[in-house]
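Chain A is the first sequence line, chain B the second, and so forth, proteins listed ahead of strands; every chain is numbered from 1.
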Amino acid sequence: MQRIGVFVCWCGSNIAATVDVVQVAQALAKEPGVVFATDYQYMCSQAGQDLIGAAIKEHGLTGVVICSCSPRMHETTFRKTCQKAGLNPYMVEIANIREHCSWIHKDKPTATEKAVILGRAAIAKVHLNAPLTAGTSPVTKRALVIGGGIAGIQTALDIADAGFPVDIVEKKPTIGGKMTQIDKTFPTLDCAACILTPKMVDVSQNEKIDIISYAQVEKVQGFVGNFSVTIRKKARYVDESKCTGCGLCTEKCPQKKVPNEFNLGLDTRRAIYIPFAQAVPKVATIDPDYCSMLKSGKCGVCAKVCAAGAIDYKQQDELITREYGAIVVATGFEPIGMDKFDEFAYAQSPDVVTSLELERLMNAAGPTGGTLLRPSDGTHPHTLVFVQCVGSRCDGGEKGKPYCSKICCMYTAKHAMLIRDKYPDTEVYVFYIDVRTPGKNFDEFYRRAVEEYGVHYIKGMVGKVTPQDGKLKVQASDLLGGRQLHIDADMVVLAAAIEPDKSARPLATMLTASMDTNDFFTEAHPKLRPVESPTAGIFLSGACQGPKDIPETVAQAGAAASKVIGLLSKDALTCNPCTAQPDELKCNGCSSCENVCPYGAISYIDKPFRGPNRTTLIRRVAQVNPAVCQGCGACTVACPSGAMDLQGFSNKQIMAEVDAICR
Amino acid sequence: MTYSYFPGCTLKTRGKDLDTWGRASMEALGIHLEELPQWQCCGAVYPLAKDEIGSRLSAVRALAAARDLGTPLVTLCSACHHVIKRTNYDIRHDALFRDRANNYMAPDTAYQGEAQVLHYLEVLRDHVGFDTLAKKVVKPLTGRKIGAYYGCLLLRPSKAMAFDDPENPTILEDFIQAIGAQPVFYAQRNECCGGYVTLEDPSLSQARAGAVLHNAAAQGADTLITACPLCLYNLQKNGGKLPVVYFTELLAEALGLKEVPV
Amino acid sequence: MSQWTDTIRQISGVDPRKCMKCGKCTATCPAYDHMEYHPHQFVDMVTTGRVEELMASKGIYTCLTCFACVERCPRSVEPAAIIEAVRLAVIRQQGGNHMTPDQIPGLLDEELPQQAITSALRKYSKGG
């Protein structure tokens, strides 16, 4: 018989205001095996923990039940407390009487009754608990960063700075991400390229960092500290080790009509290309969709002009498999498509552009050399209308996103200000629903646009844009002025909502990392663990976790790096001892468990068993790799013969809890 | 090929030209429009009130009849199309309405939204094909500059109507090209003509119709086409010199079925 | 909160509290110049319980029911359905009909399609 101690926490008034904690302690004291029961204001405080430790020693407790908050919050705390007092940490059970009880009930007698029942279930479970010992697993001291934008770059640099090797996998031919396409940054108006490109060079020159560009993650196996990742390095038909980045091939290639994705299709590039002058790695890539040599075997101009002999039309995709201790997701964002918002005539007129397209139209390295010209006729625009929240803050999700994209208010203020500064003969209108400027020097920046630069901020929305007679007829509301406005604009700029990159969803599946309904990666705790995925060993950096501006992204990238460094500094990790274990005598070899295991922890072996009359039978039975098993319990449910059981959460323990609740 | 056909009240009286030339043209294209037996008025206006069941029932009857015949239900009048297509959408998506309508009508087989509602133009686009239509044109309307007037009811709300891009539709322009004419794009082509308030507030419907016609004329249209008798009436009554005709009239002209007016 | 707010919500099936007050409905409304209250105000006044003022307003009869606001609303609020619900709240009252059959002969002309009469009676009177 166990000697069980019960500790009921008030959690200040969080629990005590709704649950009669004294009554709970008294009721649970009468449960079989309970030799001590008490309540205390904050069980997690030092005094509370001392109280538990003293009671373990004084009453010779063999099991402990804490009635408190969720085990997600303080299970580890109380396990450590008990361990210090000489008890096996897995002899501790938490009854969640806060999130599951006091916070969701209003009536005190009902909540008290439920708290007693929850405590009773935990006591019933502890009776069947057995001491468990956690094993350890080694840590591969190398990190993988998926995505080479500013988030991935900062994370990689910080990890490398601590002395650990890092690989960056980037799907585009160059690292740099969205920030390379941005002209100026708010609220300081410094040039994005001027602050980004030195970092890109740092990455390329850092001996600890390996850039795997034009590549994508294909397969992820293993677990925290011991990931094995297969990366597909796409054929770029250019030998990276030979190419000097001279760019001659990109001038001589006869295929000139390829939409240039770096300039968002506003101009064209060749079939062999280097995305932009400061690309890292600065090597050429052949676009197989447009190269006539690859498509029809006719041409070969680039190979003829290449002095380095770097062109290789026969190059194949390459699969690289490497081991990592930690993985950082930095897959970033994309502006949403504007095809469902044709009331703004995006598909009908080239003079209706998205804000990112406007960045290219204002950038010295862009298609117009930095002079703002209308895409339709190359003339100077005099009247510009900015539309905010296009696809953000929408209901339903069919047309847009339910969230605020966060960055649009500020970049629009920046655009409006820059245009008014450079072209004082323009009239600039910004239609807004709310102007959101939480950030250092952000509201001041927006006020400058209004007060110093004379940007017309109008609370209201554009209802319809119609191209006509070379103008864009804008029909809008001015809610504060109580007017419907009709503006003849030369250009309309849409602040398109941002969404996670399309590659994020399949990647999340490979990583078994959770996502929200908008495909942003979920953090382990929204406040206290914002850069970690709930899946151990997976970390989050930048806009893949939610809309972010550059300073926030860089801050989060650094935070993710420090978490990775903390992990890689360890020589071994303590495993979770609550893993699955098959009863080989019951196992019928059906493979159901193997099929449902999301971690690949289960395999089958042929094993000799003693049969009747001294015979030996070879039977196929399940085997669990405890280092890989995460203790999710899927196999225990799938097993038709009841052979699979989870240590610490055995079928018997769960049934005992259910019985206690139903009693 | 035979389709069920719901002409609607107006097409039997004031809107005969829409109906007559529509049927004749379809016949020439190899599709027979079989009038639904004992059809009733669709109600002319789709009730936005969620608690109004009765005014949607005649549309449900038409839908159930088409389901029983096993052929798609073709409509031609924009208003009928709007009412019947949206009612079908409601039957499919609003369980309370579906149950109440079926409980009230008590048909032999409950109507669950099985029927397919097609506008005449959708049949041309998706079943005949504008390329095929173009090949069957014998008197192309070469040189004509025609503005498509969509109005509201065919396009919106796009979730239920699923007819064309509600902001940048092309079906009528593609039709105009198929009959050999040149489509004229103008801003007001999918903005309201004010037809619904023609009895309530004539000044508003005049203002709206004027805006549509002025805009189309300024862009060089010599004729407007529509699929809606109320739009046609409203635009003609409040218009200037710009002729407004049913699209089926031009279709019949192009197919050589109707005399070209001098 | 007016008792009418719930009535309007029931008739329209729309929750006006979903409105984020962007004003796109008003930006898009082709009857703007003919209404004393505009679509976003309709939604707001229903939310804040000022339904009686709307019921007395002429604007509920000048809505063109063109669905431009319904199509373009980013929050699926359907202002047109709210306006129709306010109109019905008036019409469904005893003696609340805005148009009666005896008015019709005076409004007819040779070319008027009957759908105009049917729809007007349906929109402006009870049991039309």
Side-chain angles (χ1 to χ4, degrees), chain B residues 8-15 41-52 54-55 77-80 82-83 94 151-153 155-161 166-167 188 190-205 207-208 211-212 228-230 232-234 236-237, chain C residues 7-14 28-35 58-59 61-73 76 78-85 87-89 91-92 98-99 103-104 106-124 127-128:
Chain B
C9 311
T10 304
L11 270 62
K12 288 288 176 183
T13 53
R14 302 277 193 265
C41 171
C42 70
V45 56
Y46 174 82
L48 293 177
K50 284 276 183 297
D51 60 356
E52 271 193 33
S55 40
C77 163
S78 296
C80 298
H82 185 88
V83 172
D94 178 350
C152 320
L153 297 176
L155 298 169
R156 295 186 290 263
S158 58
K159 202 171 166 181
M161 298 309 292
E167 304 294 351
Q188 297 279 337
N190 62 342
E191 291 292 314
C192 184
C193 74
Y196 265 165
V197 296
T198 188
L199 297 180
E200 167 67 24
D201 185 350
S203 71
L204 174 52
S205 53
R208 287 305 316 148
V212 170
C228 179
L230 188 52
L232 183 102
Y233 165 80
N234 195 42
Q236 280 182 339
K237 189 177 94 172
Chain C
T7 308
I8 301 307
R9 287 178 63 167
Q10 268 163 21
I11 299 177
S12 66
V14 168
T28 220
C29 181
Y32 182 91
D33 295 333
H34 294 254
M35 296 172 140
K58 184 181 164 293
Y61 306 106
T62 43
C63 165
L64 298 166
T65 325
C66 73
F67 306 116
C69 54
V70 174
E71 182 67 40
R72 292 169 194 157
C73 175
S76 311
E78 302 185 30
I82 288 183
I83 295 172
E84 175 142 321
R87 192 166 57 226
L88 286 170
I91 288 166
R92 286 176 180 179
H98 181 69
M99 184 178 276
Q103 286 172 265
I104 298 296
L107 299 167
L108 288 183
D109 70 46
E110 281 281 299
E111 299 299 318
L112 186 77
Q114 57 268 60
Q115 72 184 103
I117 305 163
T118 316
S119 55
L121 279 175
R122 283 236 160 142
K123 281 165 79 80
Y124 300 135

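Here the side chains of C:T65 and B:L48 are in contact, with some heavy-atom distance below 4.5 Å. At least one side-chain heavy atom of C:Q114 sits under 4.5 Å from a side-chain heavy atom of B:T13. The shortest side-chain heavy-atom distance between C:S12 and B:K50 does not fall under the 4.5 Å cut-off. Looking only at side-chain heavy atoms (C-beta outward), C:L64 and B:R208 come within less than 4.5 Å of each other. The closest side-chain heavy-atom distance from B:Y233 to C:Q115 is not below 4.5 Å. With contacts defined as side-chain heavy-atom distances shorter than 4.5 Å, the pair B:K237/C:L112 does not qualify. Side-chain contact between C:R122 and B:S55 is present, with heavy atoms from C-beta onward closer than 4.5 Å. No side-chain heavy atom of B:Y196 sits under 4.5 Å from any side-chain heavy atom of C:T62.
For C:A120, the part lying near chain B is the side chain, with the backbone staying farther off; criterion is any non-hydrogen pair under 4.5 Å. For B:C77, the part lying under 4.5 angstrom from a heavy atom of chain C is the side chain only. Proximity to chain C (any heavy atom under 4.5 Å) is restricted, for B:L153, to the side chain, taken from C-beta onward. In this structure, the portion of B:D201 lying under 4.5 Å from any heavy atom of chain C is its side chain and not its backbone. In this structure, the portion of C:R92 lying under 4.5 Å from any heavy atom of chain B is its side chain and not its backbone. Contacts between B:Q236 and chain C at a heavy-atom distance below 4.5 Å are absent for every atom of the residue. When heavy atoms are compared at a cutoff of 4.5 Å, B:P157 approaches chain C by way of both its backbone and its side chain. Proximity to chain B (any heavy atom under 4.5 Å) is restricted, for C:E110, to the backbone atoms N, CA, C and O. The parts of B:S203 that come within reach of chain C are both its backbone and its side chain, each placing non-hydrogen atoms under 4.5 angstrom from that chain.
The backbone N or O of C:P30 lies less than 3.5 Å from no partner atom in the side chain of B:E191, so there is not a single donor-acceptor pair. A donor-acceptor pair under 3.5 Å is formed between the side chain of B:R156 and the backbone N or O of C:C66.
Listed options B:L155, B:N234, B:L230, B:L232 were ranked by heavy-atom pairs under 4.5 angstrom with chain C; first place goes to B:L230. Taking C:D109, C:D33, C:L88, C:L107 one by one and counting their heavy-atom pairs under 4.5 Å with chain B, the maximum is reached by C:D109. Chosen from C:A80, C:A68, C:C63, the residue pairing most often with chain B at heavy-atom distances under 4.5 Å is C:A68. Contact count versus chain B (heavy atoms, under 4.5 Å) is highest, among C:K58, C:K123, C:E78, C:E111, for C:E111. Interface summary for chain C: among B:A44, B:G8, B:P47, the most heavy-atom pairs under 4.5 angstrom belong to B:A44.
Ion pairing between a basic and an acidic side chain is recognised when a charged N comes within 4.0 Å of a carboxylate O; C:R72 and B:E167 show such pairing.
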Side chain to side chain contact (heavy atoms under 4.5 Å, CB included) evaluation trace for C:H98 with B:E200
CA-CA 10 Å; C:H98 181 69; B:E200 167 67 24; 2.9 Å; yes
List the steps and the verdict of side chain to side chain contact (heavy atoms under 4.5 Å, CB included) for C:M99 and B:L199.
CA-CA 10 Å; C:M99 184 178 276; B:L199 297 180; 4.2 Å; yes
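B:A207 approaches C:H34 most closely through the heavy-atom pair CB-NE2, 4.3 Å. Shortest non-hydrogen contact noted between C:A116 and B:T198 is CB-CG2, 4.3 Å.
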